[in-house]
Amino acid sequence: MCGIVGAVAQRDVKDILLEGLRRLEYRGYDSAGIAVVDKKGELNRIRKVGNVAELRDACQGQDLSGATGIAHTRWATHGGVTEQNAHPHVSEGKLVIVHNGIIENHAELRQLLESKGYTFTSDTDTEVMLHQIHEDLKQTGDLLKAVQTTVKKLHGAYGTVVYEVNNPERLIVARSGSPLVIGLGIGENFVASDQFSLQPVTNRFQYLEEGDIAELTREQVRVFDPTGKEVERDQFESDISHESDGKGEYRHHMLKEIHEQPTAIRNTLQDRILELTIVDSVFGEDASALLKKVEHVQIVACGTSYHSGLVARYWLEQYANVSCSVEIASEIRYRKSFVHKNALFVTISQSGETADTLAALRLAKSQGYMTSLAICNVPNSSLVRESDLCFMTKAGAEIGVASTKAFTTQLVGLLMLVAALGQSKGIAANVIKQITNALHSLPSKIEESLALSDEIEKLAEEFADKQHSLFLGRGEQYPIAMEGALKLKEISYIHAEAYAAGELKHGPLALIDADMPIIVVAPNNELLEKLKSNVEEVRARGGILYVFADKHAQFESDETMRVIDVPNTDDIIAPIVYTIPLQLLSYYVAIIKGTDVDQPRNLAKSVTVE
Ligand code: GLU
C-alpha cells in the first residue's frame with residue numbers, strides 16, 4: 001500500500017527512484033510521481049494517474065537529472081485519484097514531500113493553515129502536513145527542527161520524506177505507523193518503504209523505530225528518537241540475494257507463486273523439523289522455556305492470514321490440547337478483550353507491516369500477555385522486531401496481491417507451533433511423529449495438487465458468467481472454504497461467501513438455484529458423512545455442485561455435481577493441500593474474466609493504513 005523511495009547521491013537518481021517504485025508496485029497503488037532537483041537547483045516534478053510504466057514513459061525526454069529526489073506510488077485515502085492529488089506535493093515551490101499514511105486531524109490543521117495564507121492545490125491530508133512543516137520551518141529556521149515540531153501536532157500515521165529545494169542535499173525522514181527503511185550506500189544514502197525496492201543499490205539497511213526522525217545526507221545518516229535525542233539504530237546486511245522478481249515462464253506473479261509453493265514449503269521446513277521433533281529454537285532462543293508455560297493462544301491477523309489462524313485453532317485444540325481464540329486485528333484492537341492467564345499472543349502477517357495487526361500487538365503488550373510471537377515472511381519487519389518470538393516463513397518475495405504461498409507457509413509455521421507446543425507439554429510422541437511425517441510429505445502432495453491445473457482451467461469456464469458463489473467446508477476445512485471464497489472475490493470480483501456446511505439450513509439454502517455454483521471442500525475425514533448430507537440438501541434444491549474430494553470419499557460426478565479428485569492425504573495437512581485447487585480455480589476464473597490478476601482493483605498488498 002503506497003510506496004516511497006528517496007535518494008541523496010552524487011549521481012543521477014531518476015532511474016534508481018523509478019526502479020525502486022517498480023519494485024514497490026506489488027503493494028498496490030493508483031498513481032505515481034517523482035520530483036528531482038537538478039544541478040541548477042530547479043525542481044522537476046512529474047506525476048501520473050496510472051502505473052509506474054506510465055510514469056516512466058512520461059519521464060522520457062524530460063530533464064530529470066539530479067542527485068536528490070523522492071518518488072511515490074499513492075494509494076488514495078484523502079482525495080480522489082487525480083494528478084493533482086498524486087505525490088510528491090510541493091509547498092510554495094520550496095518544500096517537497098511524499099507521504100504514506102493518514103493524518104487524521106487534517107481538517108482542523110487545514111483551516112488554520114488557510115487562515116495563515118497557505119493555498120492548497122490538492123485534497124490530500126499530505127499537503128496539510130507539508131504546509132504545516134513549511135510553517136514550522138519559518139518558525140524554527142531548520143527543516144529537521146520543523147519536522148520534529150510538526151509531528152507533535154499530527155494525529156494519525158505517517159512514513160514521510162521531505163526536502164528543501166534550495167538545500168537538496170538533505171532528506172528528512174519521519175516514521176510513525178508506516179514502515180520506512182534506510183538503505184546505506186557509500187557516498188549516497190536511500191530511504192524506501194521496504195528493502196526489496198533498494199536491493200539494486202545496496203544490501204546494508206537500517207530500520208527506523210516508531211517515532212524516529214532521520215536526517216540523510218550523502219555522507220551520513222543521523223537518527224533521532226521522539227524526544228529529539230540522537231540514537232543509534234542497528235544496521236544489518238540483507239542476505240536476500242538480488243532475487244529475480246520476474247514472472248519467469250508464468251503469465252502472472254500469482255500463478256508463479258502458486259507453483260512455487262512446494263519449494264517455499266521445503267524452504268520453510270528445511271533444518272527445522274527432524275524425524276520426531278520440531279526444532280523449537282526456530283521460534284526464538286527462549287522459545288522452549290516460554291512455550292512450556294503457555295496455557296492459551298490468542299491469534300490476531302487480517303485477511304488471508306486470519307484464515308490461517310482459524311485453521312490453527314482446530315489444530316491447536318485437537319493436537320496440542322491448548323485452548324485458542326482467533327480474532328481479526330481491527331476488531332480486537334478496539335474492544336476490551338479478555339486476557340487469559342499465561343497466554344501467547346500470536347500475530348500473522350505476510351509483510352509484518354499490516355497496520356491493524358501491528359497496533360493490536362502494541363496494545364497486547366500493555367495488556368499482560370505472557371509473550372508474543374510473529375509469524376511473518378519479511379525479516380526485520382516491524383512485527384518481527386517488536387515481538388518476543390518469531391517464526392519466519394520462507395516463502396520468498398510474494399508480489400501478487402492475492403496471497404498464496406505466504407498463506408500455505410503460514411499454515412506450515414502454525415502446524416510447527418502446534419507440534420512445538422505439544423512437545424513442550426509432553427503430548428504423545430506418536431502425535432508429534434504424525435505431524436512431522438505429514439509435514440515431510442507436504443511438498444510432494446502439493447506438487448500432485450498442482451497437476452490439477454488443466455482440469456481446473458477448463459472447469460473455470462463454467463464460472464465466468466456467474467455473479468455469486470458459495471463455498472462450503474466443515475471443521476478445519478471451513479476456514480479453507482473462507483480462503484477459497486476470498487481468493488475468488490479478490491481477483492475475479494465474483495461475490496463469494498463461505499459457510500460452515502452445517503449452517504446451510506439456517507439461512508443460505510434460500511439462495512440455492514442453478515445460477516449459484518456451490519464449491520465443497522470434502523476430504524475423506526470423520527466429518528465426511530455429515531458433509532454428504534449437506535451436499536444432498538443442496539442437490540435436492542437444484543444447486544450445481546463442484547466437489548473437491550479424494551477418491552475414497554466416493555462422490556460421483558453427474559449432471560448436478562462435478563467431482564475434482566484431490567490427492568489423498570493425511571488429515572493433518574489436508575487444509576493445506578485443498579487450498580491449492582481453490583487458488584487455481586480463482587486464478588483461472590479471473591483469467592477468463594480478464595481482470596488484473598496481480599493487482600486487483602482497489603486492493604493493496606501490504607496494508608499499512610488502518
Ligand atoms: N493519505 C495520503 C493521500 O491520500 C497518502 C496515501 C498513501 O499512503 O498513499 O494522498
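Numbering starts at 1 and runs along the sequence shown. Ligands are counted one by one from 1 in listed order, and the atoms in each one are counted from 1 as well.
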For this session: Check whether any side-chain N or O of Arg23 sits under 3.5 Å from a backbone N or O of Phe196 as a donor-acceptor pair, and report yes or no.
Result: yes
Exercise. Should Asp125 be counted as touching ligand 1, given the test is an N or O pair under 3.5 Å?
Worked result: yes
Problem set entry | Shortest non-hydrogen contact from Leu414 toward Gly309 | CD1-N, 4.1 Å
Problem set entry | Mode of Asn100 contact toward ligand 1 - side chain, backbone, both, neither (heavy atoms, under 4.0 Å) | both
Exercise. Got an N/O contact under 3.5 Å between Gly101 and ligand 1?
Worked result: yes
For this session: Using a strict cut-off of less than 4.0 Å between a Lys/Arg side-chain nitrogen and an Asp/Glu carboxylate oxygen, indicate whether Asp142 and Arg170 qualify as a salt bridge.
Result: yes
Problem set entry | Over 12 foreign heavy atoms within 6.0 Å of CD, Glu232 | no
For this session: Enumerate the atoms of ligand 1 whose separation from the nearest heavy atom of Trp75 is less than 4.0 angstrom.
Result: 6 (C), 7 (C), 9 (O)
Exercise. At the 4.0 Å heavy-atom cut-off, does Gly79 count as touching ligand 1?
Worked result: no
Problem set entry | Contact partition for Thr124 relative to ligand 1, non-hydrogen atoms under 4.0 Å | side chain
Problem set entry | Cys2 neighbourhood, listing ligand 1 atoms whose heavy-atom distance to it stays under 4.0 Å | 7 (C), 8 (O), 9 (O)
For this session: Measure from the ring center of His131 to the ring center of Phe120 and say whether it is less than 6.0 Å.
Result: yes
Exercise. Looking at residues at least two apart in the chain, or sitting in another chain, which of them share a side-chain contact (heavy atoms from CB on, under 4.5 Å) with Arg251?
Worked result: Tyr587, Ile591
